[in-house]
Structure formats: structure tokens, C-alpha cells
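Below: the structure, in C-alpha cells.
First the proteins, then the strands, lettered A, B, ... as listed; each starts at 1.
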There are 2 protein chains.
Amino acid sequence: MTQINKSKAVGCCEELSVLVQPELFKALSDPNRLVLLTTLSERMEPSTVSEAAECCSVDMSVVSRHLATMRNAGLLISEKRGREVYYSVPRQVLADQLRAMADALESCCSTEEESEDD
Amino acid sequence: MTQINKSKAVGCCEELSVLVQPELFKALSDPNRLVLLTTLSERMEPSTVSEAAECCSVDMSVVSRHLATMRNAGLLISEKRGREVYYSVPRQVLADQLRAMADALESCCSTEEESEDD
DNA sequence: TGTTTATTTGCGTCATTATGCAAACATCTT
DNA sequence: AAGATGTTTGCATAATGACGCAAATAAACA
């Protein structure tokens, strides 16, 4: 039983490397973007760029870029309706992604030395 | 019963704002730092700065700074033994933190519209 | 069609950050 | 003490990123 069953033997941390990409965290590394993200997350319905721009004191063009950055990183989804673009947070998807990271981190070369040794 | 029970009525996404800090993601936003982090995560035992520096082709002084940055962000723990500094990844702590984010994101203003409506 | 409204893009500027080198510092060894 | 080894720090430079403004694009409306 020298093998850990909850992760592969060779390259057990591959999943982690795949999940952990700089682009994702880069998109989360700016204070204004984080405010935008949490603000959008609080709202039950998608927000337009103009609505989102109310939360921080930067130019709307900057907000537009920030939102696009987060969309490209998979942190937001956008839908164009007429001349407005509605942004929203795919919370369930992101939550699952975070948990996948947590799992990968835990099972990475067996964090816990098998407490269940029945 | 217009209230959602799995989260507070006022500011139900406060937890998210607390958990989601730019410093953490800033520390994760650099490719070399991510390589360092995943490399350290793969190793069962703490690594010295010199050992960690093998994974990427930058100067050791740069690695030293990167490791310190991640330590300050809570991504690494360090222990000095003699003239060497051993870095390791607090995987369980980080995994719990990621799951806390996932939970906060999910419960933020109730992602799922109360399936249990007795 | 011309005008208003919403968003994006080009561009110059300023701030931040990553990097390498050399020097400093700390610790171990002889 | 003197030298060797491991790590950090000061500093200059280059790369990256955030920002605002103005112009461009897109869509609604008169």
C-alpha cells in the first residue's frame, strides 16, 4: 500500500499545473477588477458596462477593458443585447473551478498521509 | 419567507470581498512564480532557494524575491535552518482557502434559487 | 438620414514590476 | 580568523500594465 489511491503515481500534480494559469490570476490581480467582480457577483442580474462602472471611480473605457480582460480569463460571461453588453459572473462554474484547484492541491503527491488505513 | 437562509440578508457577499484580495492573486500572476509554486508543491519535502531555482531560468536573486513575495502572500511558508531557507507549500491551508472562496461565491446572494422551499 | 446613447479602441503617459548583476549579509567550515 | 556557501538587497534597466482622453464603432430613435 505504498500507492496513494486518490492520485496518479507519476506526475500526480499535473492537474494543478493545468488548472493554475497565470492569465486567470493576472485578471484577478487588479483591485479595480476585483471590485468589479464582487460587485457583479452581488447583483442577481447581469449588468451593463455603464452599471458596472458605477462601482469604481475610473473611466468607463477602463472598466470596459477590465471587464473584457476578465471575460477573456473566463471570470465573466457577456451577452450583447442591442447596444448594451451585459456582464455576469458564472459563479457555479468558478466555484467548481476553485474546488478543482483545492482538490488538485490536496491530492498533489498526497498532502495527507492516508489517515484512513482501515 | 422572502429571506434566503443560507446567507445573511444584508451584504451577503461580504465574505467574498474579504477572501478575495488583490495581494494574493498578484502573487500568483507571474508565470515564474507559478512554476515555482507548482514545483514546490510537487516535492514532498521543503526546498531551499537554490533547489527551487532549478525549475526556472532566472537568476537566483529573482527566485529569492519571488519566493518571498509568495511567502508574504501566504502562499508559502519558510523555515530557516542554518544558512539555508526551506520553503514549502501549505497545501491543506490553501485548499481550505480555495474552498472557502468557492463557498462564498456560491452562497453570494444565493447562486442557486433555494431548491428547498418547504 | 441625422442624432443620441452604449461600448470599444488607439494612443500617449505614468506607475508598477520583473530581471540581472554586484555587493552585502549570514552561517558554516577549516 | 579566513574562506566558502547560501541567501538577500541595492540599483539600474527593460517590460508590462493601468489610466484618461479622444476618436471610432454599433445600435436605437427621431
Check: Quick one: the side chain of Arg65(B) and the base of dG20(C), do they pair up donor-acceptor inside 3.5 Å?
Finding: yes
Euclidean distance, atom [atom1] of residue [X] to atom [atom2] of [N] [Å, nearest integer]:
X        : N       : atom1 : atom2 : answer
Lys26(A) : dA18(D) : NZ    : C1'   : 14 Å
Met60(A) : dA22(D) : CE    : C1'   : 13 Å
Arg83(B) : dA26(C) : CZ    : C1'   : 10 Å
Asn32(B) : dA15(D) : CG    : P     : 16 Å
Leu67(A) : dC19(D) : CG    : P     : 12 Å
Leu34(B) : dT17(C) : CG    : C1'   : 15 Å
Leu36(A) : dA18(D) : CG    : P     : 12 Å
Glu84(A) : dC29(D) : CD    : P     : 11 Å

Does the side chain of [X] get closer than 4.0 angstrom to OP1 or OP2 of [N] through an N or O atom?
X        : N       : result
Lys80(B) : dA26(C) : no
Ser61(A) : dT9(C)  : no
Ser50(B) : dT5(D)  : no
Arg33(A) : dG17(D) : no

Note to self: Distance to the ring centre below 6.0 angstrom and angle to the axis at most 45 degrees; does that hold for Arg81(A) and Tyr86(A)?
What the structure shows: yes
Heavy-atom closest pair, residues [X] and [Y]:
X        : Y         : answer
Met70(B) : Ala27(B)  : CG-O, 4.0 Å
Glu51(B) : Pro46(B)  : OE1-O, 4.2 Å
Leu98(A) : Leu105(B) : CD1-CD2, 4.4 Å

Notebook entry, point to check: Considering heavy-atom distances to DNA chain D, does Tyr87(B) or Asp30(A) have its closest nucleotide positioned more toward the 5' end?
Noted result: Tyr87(B)
Next item on the list: Could you pick out which residue, Val62(B) or His66(A), lies toward the 5' side of DNA chain D when each is mapped onto its nearest nucleotide?
Entry: Val62(B)
Check: Could you give the distance from CD (Gln21(A)) to NZ (Lys26(A)), rounded to the nearest 0.5 Å?
Finding: 11.0 Å
